[in-house]
Amino acid sequence: MNTLRIRRVAVAVAAAAALPLGLAACSDDPATSTSDAASTTAPEEGQSQASDDITATDKPFGSACASVPKEGAGSFEGMGKDPVATAASNNPALSTLVSAVKKAGLVDTLNNAQNITVFAPTNDAFAKIPEADLDKVLNDKVTLTKILTYHVVGQKLTPKQLESGSFETLQKGTLTTSGSGESYEVNGTSNVVCGNVPTANATVYIVDTVLMPPR
């Protein structure tokens, strides 16, 4: 009888001792699972954020982009279907540039070029030039061609490349760019007011000042 009691007590003690260990082991599993889930989820969130950043830089940006038509040939979607000179002709803010391109006989040159970047001055940019000087340039094909081809780079430039860049133009001169985010300057004097605009054969950065090639 005493032996039987001793055995029962021993079994009860052993069970009581094992219970906390079992509970501890059970409590570790959810924590481990939660930790694993967190470590698995974190990279996915990071990848999603990186993807959003990339998408943002692929879109047109700048204060003047708001004036671009929402639909039709002059919209971003419409411009993306046409070569650059044709696309520019559908944007009312670039009518002076388009007239200059026609006077210089550069429409076919720009439309047939592949993978170029055009820094396109707005009508207001041309208006900064005294009228007499502008008329003189518009009627001097050689000078006009030099000025217009100075606005063209023979490769497509991304906003990232504009952060601190130096590029040879079709005029054979060099222009420099600087900035970040949605704020960029060309040659330290001309601001990009609507950038990263796609056309069928070019990327366009609309600027607020006409660029003058070095003499």
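Predicted, not measured: the structure shown is a model, and the values here were computed from it. Along the sequence shown, residues carry numbers from 1.
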Verify same cluster id: V153, I147 (apolar side-chain graph, 4.5 Å): no
Tell me whether V197 shares a hydrophobic cluster with F119, the cluster being built from Ile, Leu, Val, Met, Phe, Trp, Tyr side chains joined at under 4.5 Å. no
Measuring only between side-chain heavy atoms, which start at C-beta, is T169 closer than 4.5 Å to P213? no
Taking L97 as the starting point, is it possible to reach I116 by hopping between hydrophobic residues whose side chains are less than 4.5 Å apart? yes
What one should report as the nearest heavy-atom pair of C65 and G195 is SG-N, 4.2 Å
Same cluster (ILVMFWY, side-chain, under 4.5 Å), V101 and L170: yes
Please round to the nearest 0.5 Å and tell me the distance separating atom CG of L211 and atom OG1 of T189. 6.0 Å
Pairs flagged by ring-ring contact (aromatic ring centres under 6.0 Å, His included) wherever residues 141-198 is involved - sequence neighbours left out: F61-Y184
Smallest heavy-atom separation, A202 atom then V84 atom, equals CB-CB, 3.8 Å
Side chains of Y205 and L162: does their closest heavy-atom pair fall under 4.5 Å? yes
With a 4.5 Å limit on heavy-atom distance, are the side chains of E185 and T177 in contact? no
Is a side-chain donor-acceptor pair under 3.5 Å present for N123 with S95? yes
If you measure from OG1 on T199 to CZ on F76, what distance do you get to the nearest 0.5 Å? 12.5 Å
Looking only at heavy atoms, what is the nearest atom pair of V107 and A85, with distance? O-CB, 3.9 Å
Report yes if the side chains of L106 and L144 come closer than 4.5 Å at any heavy-atom pair, otherwise no. no
Between S67 and A64, is there a donor-acceptor pair closer than 3.5 Å when you use the side chain of the first and the backbone of the second? yes
Is S164 close to S178 at the side-chain level, that is, under 4.5 Å between some pair of heavy atoms? no
Could you tell me if the side chain of N91 sits less than 4.5 Å from the side chain of V68, heavy atoms only? yes
Evaluation steps, side-chain contact (heavy atoms from CB on, under 4.5 Å), between T117 and V152: CA-CA 6 Å; T117 293; V152 183; over 6 Å; no
Same apolar cluster (I L V M F W Y, side chains within < 4.5 Å links), M212/L175: no
Compare all side-chain heavy atoms of L94 with those of I206 and state whether any distance is below 4.5 angstrom. yes
Between Q171 and K146, the two heavy atoms sitting closest are CG-O, 3.3 Å
Rounded distance (nearest 0.5 Å) linking atom SG of C194 with atom CD of E182: 10.0 Å
State, to 0.1 Å, how close T145 and A104 come at their nearest heavy-atom pair, and which atoms those are. OG1-CB, 3.7 Å
From K81 NZ over to T86 OG1, what is the distance, rounded to the nearest 0.5 angstrom? 14.5 Å
If you look at every heavy atom in T174 and S166, which pair is closest and at what distance? CG2-OG, 3.1 Å
Hey, does S190 have a side-chain heavy atom less than 4.5 Å from the side chain of P121? no
Might you confirm whether atom CD of Q155 has over 12 heavy atoms from other residues, nucleotides or ligands at distances under 6.0 Å? yes
Output a table of donor-acceptor pairs, distance under 3.5 Å, between side-chain atoms of residues 125-139 and any protein atom two or more places apart or on a different chain; print 'none' if there are none.
from	atom 1	to	atom 2	distance (Å)
K128	NZ	D208	O	2.9
K128	NZ	T209	OG1	3.0
N139	ND2	D135	O	2.7

Could you go through the side-chain contact (heavy atoms from CB on, under 4.5 Å) check for V193 and V207 one step at a time? CA-CA 6 Å; V193 293; V207 295; 5.9 Å; no
With rounding to the nearest 0.5 angstrom, report the NZ to NZ distance, K103 to K141. 11.0 Å
Is the backbone of G72 close enough, under 3.5 Å, to the side chain of S75 for a donor and an acceptor to pair up by distance? yes
Given V186 and T176, is the side-chain contact (heavy atoms from CB on, under 4.5 Å) satisfied, shown in steps? CA-CA 6 Å; V186 186; T176 59; over 6 Å; no
Interatomic spacing from CG in N201 to CG in L110 - rounded to 0.5 Å: 8.0 Å
